[in-house]
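Worth saying up front: this structure is predicted, and the values here are computed from it rather than measured. Because only heavy atoms are used, hydrogens play no part in the values below, and waters and symmetry mates are left out as well, while side chains stay in. One-based numbering along the sequence shown.
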Amino acid sequence: MHEHEIYEVLIAEDEAPARELITEYLLTRPELRLAGIARSGDEALRELSSREYDLVFMDIHLPRMSGIEVIERLSRIPYVIFTTAYDRYALRAFDLGAVDYLLKPFSAERFDRSVDKFLCSRKAEDHPSSHGPDALVNFREGGRHHILSCADILYVTSYGRKSVVHTGTEDIEIPMLLKEIEGRVPGDIFARVHKRYLVNVRHVGALEYYIGGQYLLFLKNHDETPIPVGKKYASLLKARFNMT
């Protein structure tokens, strides 16, 4: 995506003062363009089903259908910032993959922080391999966007059409092929070492010959996790570490 890309925004809000305030804040952000307004839940659902928006400011308490229900009915879940006067819906909102949750009334500064979170997520999704180990990569799991630093990913395991991203603190299952993930992370940091494994080479602590031209590598984590290295990948990995 180009540096000066403008993102199209839908405001779903039934109260005129709240709509006007969000519009006022939005006009201060050159990255955003107001492309649609919905004043009820069913109107928001029609808008989001008929065209793609980059970002939605979604009130939770909408007439005829709540903002939560609107998002639950969508086959493609957009980036959403929920707006509401009540904090009791926050957990459900984040379960649906919300970028942020704005409690009314909110300031321009708080609005800007939400927009910055959205921009960070989009940057991670659109440019997953452009900034080395500190780059952010975005994986979508249902309605939730997992935003990870490439440096935090230890390795990725493939299970058919699903993969598991392993970090030092959590394992995230996502509906993506290992080949797709390999194409989204920096090639100078990650290496395919097996048909089922993609590894962050900066977390490799040791490489040990196993049998029949195959190796085992061990990570530098607490468990020294062993990972098999397929025969056809071994020579490439050894060359990467300047091993003879």
Side-chain angles (χ1 to χ4, degrees), residues 1-38 44 47-48 52-62 66-68 70-72 74 76-128 130-153 167 169-170 172:
M1 186 162 290
H2 301 297
E3 182 180 355
H4 301 294
E5 182 76 15
I6 296 176
Y7 301 100
E8 296 200 332
V9 177
L10 172 70
I11 297 175
E13 172 61 68
D14 62 315
E15 298 179 356
R19 277 199 312 272
E20 292 168 2
L21 185 65
I22 295 173
T23 301
E24 178 185 332
Y25 290 162
L26 190 150
L27 291 175
T28 68
R29 300 296 304 234
E31 313 96 332
L32 306 181
R33 184 178 78 86
L34 179 57
I37 290 177
E47 279 289 322
L48 292 168
E52 291 188 2
Y53 286 89
D54 296 303
L55 175 64
V56 183
F57 287 93
M58 178 73 74
D59 185 23
I60 289 182
H61 286 279
L62 290 171
S66 74
I68 295 284
V70 171
I71 299 303
E72 288 176 333
L74 292 173
R76 174 192 175 275
I77 298 178
Y79 287 90
V80 181
I81 296 173
F82 282 104
T83 61
T84 180
Y86 307 95
D87 61 5
R88 63 178 178 270
Y89 301 104
L91 183 59
R92 182 59 185 141
F94 285 117
D95 281 343
L96 288 171
V99 173
D100 207 352
Y101 188 89
L102 290 175
L103 279 174
K104 300 176 183 176
F106 47 86
S107 65
E109 180 183 5
R110 182 66 182 87
F111 175 90
D112 282 339
R113 290 207 303 271
S114 287
V115 172
D116 289 342
K117 284 184 180 181
F118 159 70
L119 295 174
C120 180
S121 298
R122 281 302 300 253
K123 184 177 180 181
E125 185 169 11
D126 296 331
H127 301 286
S130 59
H131 295 95
D134 295 326
L136 299 177
V137 63
N138 180 306
F139 298 115
R140 181 178 290 193
E141 174 200 11
R144 170 166 288 189
H145 295 267
H146 295 278
I147 304 165
L148 302 173
S149 167
C150 289
D152 292 335
I153 300 173
T167 73
T169 57
E170 60 181 335
I172 304 168

Under 3.5 Å, which donor-acceptor pairs do the side chains of residues 15-24 form with other protein atoms, sequence neighbours left out?
unit_1: Arg19; atom_1: NH1; unit_2: Glu13; atom_2: O; d: 3.0
unit_1: Arg19; atom_1: NH1; unit_2: Asp14; atom_2: O; d: 3.2
unit_1: Thr23; atom_1: OG1; unit_2: Arg19; atom_2: O; d: 2.8

Distance (rounded to the nearest 0.5 Å) between Leu26 CG and Leu34 CG: 6.0 Å
Test log, rule side chain to side chain contact (heavy atoms under 4.5 Å, CB included), inputs Tyr53 and Leu55: CA-CA 6 Å; Tyr53 286 89; Leu55 175 64; over 6 Å; no
Side-chain touch Ile71/Val56, heavy atoms, less than 4.5 angstrom: no
Side chain proximity check, Val9 to Phe57, heavy atoms < 4.5 angstrom: yes
Met58 versus Val70, closest heavy-atom pair with distance: CE-CG1, 3.7 Å
Criterion ring-ring contact (aromatic ring centres under 6.0 Å, His included) on Phe118 and Tyr7, from CA distance to verdict: CA-CA 10 Å; Phe118 159 70; Tyr7 301 100; 5.2 Å; yes
Full working for side chain to side chain contact (heavy atoms under 4.5 Å, CB included) between Val80 and Val99: CA-CA 6 Å; Val80 181; Val99 173; over 6 Å; no
From CG (Leu10) to CD (Glu52), nearest 0.5 Å: 13.0 Å
Non-hydrogen atoms of Leu102 and Ser114 that approach each other most closely: CD2-OG, 3.2 Å
Side chain to side chain, Asp59 and Phe82, heavy atoms closer than 4.5 Å: no
Salt-bridge contact Asp112-Lys117 (side-chain N to carboxylate O under 4.0 Å): no
Step-by-step side chain to side chain contact (heavy atoms under 4.5 Å, CB included) determination, Asp100 to Val115: CA-CA 9 Å; Asp100 207 352; Val115 172; over 6 Å; no
Mutual orientation of the aromatic rings belonging to Phe106 and Phe111 [parallel < 30°, tilted 30-60°, perpendicular > 60°]: parallel
Heavy-atom check, side chain of Arg29 versus side chain of Asp116, under 4.5 Å: yes
Glu109, CD atom: more than 12 neighbouring heavy atoms under 6.0 Å: no
Heavy-atom closest pair, residues Ala85 and Leu103: C-CD2, 4.1 Å
Expected output: side-chain Asp54 to main-chain Glu8 donor-acceptor under 3.5 Å: yes
Side chain to side chain contact (heavy atoms under 4.5 Å, CB included) between Thr83 and Tyr101, intermediate numbers included: CA-CA 6 Å; Thr83 61; Tyr101 188 89; over 6 Å; no
Listed partners of Thr84 passing side-chain hydrogen bond (donor to acceptor under 3.5 Å, both in side chains), at least two apart: none
Euclidean distance, Leu27 CG relative to Leu32 CG, rounded to 0.5 Å: 9.5 Å
